[in-house]
Novice: 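Please read through the structure below; I'll follow up with questions.
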Amino acid sequence: MGAFLTKPFSLVGRLLWKVLFSWWVKQIETPSDVTGLTPTQSRLVKESWKMFLSKKRENGFVIFRVLFTDYPVTRKLFKGVEQLDLDAPGQLESSITLRAHVTRFMHSFDTYMESLDDPEDLKQLLYDTGKSHLIHNIKPEYFDVLETVLMKSLRIVFGSKLTPQLEEAWQTAYSHLKVTIKQGLEDAIQKRDQADTSVVVTVE
């Protein structure tokens, strides 16, 4: 009789445990509003970034080689790059100006990765990045291009190590990060245009 009564209660207990465990996991895996990443995805992105960063200059140039090859129009944004032969071994890497830009780019991206767990700081960093690109005549849509370039570069560098889960995490991360970057640039453009139209020209 006791065993008979125990079974339904043990079944209820297991069901209750499943419900509570599912709720607990769901709470832990809630995506960030800024990055769109769950804690697990954030960990995957940060760990893979450390691998990418272990060959900072080499992998940085992978990104820019993909950018200039797939989107030639962007070459004019970088001093001296239009004259370089992308097919000539080492010629792209010989550009001192581009080497400096690659270093700055990788440093900035590293700062973003270090700030993934500090959403408010990260959001400000991204917004300021967008604003700072106003002086370089960068269009907001170029950051959409960078998403495609980044994902292709990750495939080149990681190969089979870029699992579907890792690729999804990176895709989610950048698709969210670029929103704030573009907002910063768009606000800067709007402010500049408003300043231009507020200038009153007097003719004597």
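Note that the coordinates shown come from a computational prediction; the quantities given were computed from them, not determined experimentally.
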Novice: Please identify each residue that fulfils ring pair (Phe, Tyr, Trp, His ring centres under 6.0 Å) with Phe78, with sequence neighbours left out.
Specialist: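 In terms of ring pair (Phe, Tyr, Trp, His ring centres under 6.0 Å), with neighbours along the sequence ignored, Phe78 is linked to Phe64, Phe68, His101.
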Novice: So, using side chain to side chain donor-acceptor pair (under 3.5 Å) as the criterion, who are the partners of Thr129 when residues are at least two apart?
Specialist: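 Checked Thr129 against side chain to side chain donor-acceptor pair (under 3.5 Å); matches are Tyr112.
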Novice: With hydrophobic residues grouped by side-chain heavy-atom distances under 4.5 Å, do Ile189 and Val145 end up in a single group?
Specialist: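 The answer is yes; both residues are in one hydrophobic cluster.
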Novice: If you define the side chain from C-beta out and look only at heavy atoms, does anything of Gln190 sit under 4.5 Å from Gln194?
Specialist: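 Yes, at least one pair of side-chain atoms sits under 4.5 Å.
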Novice: Suppose we screen for side chain to side chain donor-acceptor pair (under 3.5 Å). Which residues come up paired with Asp70, at least two apart in sequence or across chains?
Specialist: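 Applying side chain to side chain donor-acceptor pair (under 3.5 Å) to Asp70 gives Lys152.
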Novice: Which side chain to side chain donor-acceptor pair (under 3.5 Å) pairs, counting each pair once, include a residue from residues 49-59, with sequence neighbours left out?
Specialist: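 Side chain to side chain donor-acceptor pair (under 3.5 Å) check on residues 49-59 returns Trp49-Asp110.
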Novice: Quick one: side chain to side chain donor-acceptor pair (under 3.5 Å) partners of Lys139, sequence neighbours excluded?
Specialist: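 Partners of Lys139 under the side chain to side chain donor-acceptor pair (under 3.5 Å) test: none.
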Novice: Check Met106 against Leu53 and note the closest heavy-atom contact, atom names and distance.
Specialist: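 Looks like CE-CD1, 4.0 Å.
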Novice: Taking salt bridge (charged side-chain N to carboxylate O under 4.0 Å, His left out) as the definition, give me every residue that meets it alongside Arg192, ordered by chain and number, with sequence neighbours left out.
Specialist: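 Testing Arg192 for salt bridge (charged side-chain N to carboxylate O under 4.0 Å, His left out), a comparison that skips the adjacent residues, returns none.
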Novice: If a pair satisfies side chain to side chain donor-acceptor pair (under 3.5 Å) and one of its residues is in residues 168-187, list it, with sequence neighbours excluded.
Specialist: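 Every pair satisfying side chain to side chain donor-acceptor pair (under 3.5 Å) with a residue in residues 168-187: Ser48-Trp170, Tyr127-Asp187, Asp144-Lys178, Asp144-Lys182, Glu147-Gln171, Glu147-Lys178, Gln183-Asp187.
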Novice: Within the 4.5 Å heavy-atom criterion, are Phe158 and Glu167 side-chain neighbours or not?
Specialist: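 Heavy-atom side-chain distance check fails, nothing below 4.5 Å.
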Novice: Among residues at least two apart in sequence or on other chains, which ones pass salt bridge (charged side-chain N to carboxylate O under 4.0 Å, His left out) with Asp117?
Specialist: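 By the salt bridge (charged side-chain N to carboxylate O under 4.0 Å, His left out) rule, Asp117 matches Lys46.
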Novice: Going through the distances and angles, do Leu67 and Leu146 end up as a side-chain contact (heavy atoms from CB on, under 4.5 Å)?
Specialist: CA-CA 7 Å; Leu67 176 67; Leu146 184 57; 5.5 Å; no
Novice: Measuring from Arg155:CZ to Leu150:CG, what's the distance to the nearest 0.5 Å?
Specialist: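 If we round to the nearest 0.5 Å, Arg155:CZ and Leu150:CG are 9.5 Å apart.
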Novice: Any side-chain heavy atom of Phe143 within less than 4.5 Å of one from Leu185?
Specialist: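 When only atoms from C-beta onward are counted, Leu185 and Phe143 do touch, with a gap below 4.5 Å.
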Novice: With a 4.5 Å limit on heavy-atom distance, are the side chains of Phe61 and Leu98 in contact?
Specialist: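 Yes, their side chains come closer than 4.5 Å.
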Novice: Is there side-chain contact between Met51 and Lys161, with heavy atoms separated by less than 4.5 Å?
Specialist: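 Result yes, sub-4.5 Å side-chain heavy-atom pair found.
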Novice: Is there side-chain contact between Leu177 and Leu122, with at least one heavy-atom pair below 4.5 Å?
Specialist: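 Yes, at least one pair of side-chain atoms sits under 4.5 Å.
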Novice: Tell me the side chain to side chain donor-acceptor pair (under 3.5 Å) pairs involving residues 76-95, sequence neighbours left out?
Specialist: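 Matches after skipping sequence neighbours: Arg65-Glu93.
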Novice: Ala188 and Leu134: which non-hydrogen atoms are nearest, and at how many Å?
Specialist: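 For Ala188 and Leu134, the tightest heavy-atom pair comes out as O-CD2, 3.8 Å.
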Novice: Any link between Met151 and Leu116 through a network of hydrophobic side chains (Ile, Leu, Val, Met, Phe, Trp, Tyr) touching at under 4.5 Å?
Specialist: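 Both belong to a single hydrophobic cluster.
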Novice: Report yes or no: does Arg75 contribute a side-chain atom to a donor-acceptor pair with the main-chain N or O of Leu84 at less than 3.5 Å?
Specialist: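 It does hold such a pair.
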Novice: Who pairs with Tyr142 by ring pair (Phe, Tyr, Trp, His ring centres under 6.0 Å), at least two apart in sequence or on another chain?
Specialist: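 With neighbours one apart ignored, the set is empty.
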Novice: Could you state whether Ile138 and Val81 fall into the same hydrophobic cluster, counting links through intermediate Ile, Leu, Val, Met, Phe, Trp or Tyr residues with side-chain heavy atoms under 4.5 angstrom apart?
Specialist: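 Ile138 clusters together with Val81.
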Novice: Only counting residues at least two apart or in another chain, list the ones meeting side chain to side chain contact (heavy atoms under 4.5 Å, CB included) with Ser153.
Specialist: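 Once residues adjacent in sequence are excluded, the partners of Ser153 under the side chain to side chain contact (heavy atoms under 4.5 Å, CB included) criterion are Val62, Ile63, Val66, Val149.
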Novice: If the condition is salt bridge (charged side-chain N to carboxylate O under 4.0 Å, His left out), which residues does Glu141 pass it with, not counting sequence neighbours?
Specialist: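 Not a single residue meets the salt bridge (charged side-chain N to carboxylate O under 4.0 Å, His left out) criterion with Glu141.
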Novice: Looking only at heavy atoms, which two atoms of Val45 and Leu166 are closest? And how far apart?
Specialist: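 In this case the closest contact between Val45 and Leu166 is N-CD1, 4.4 Å.
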Novice: Any donor and acceptor pair, going by atom type alone, linking the side chain of Gln41 with main-chain N or O of Thr38 inside 3.5 Å?
Specialist: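 It does hold such a pair.
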Novice: With distance as the sole test, does Thr35 use its side chain to make a donor-acceptor pair with the main-chain N or O of Ser32 at under 3.5 Å?
Specialist: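 Judged by distance alone, no pair lies under 3.5 Å.
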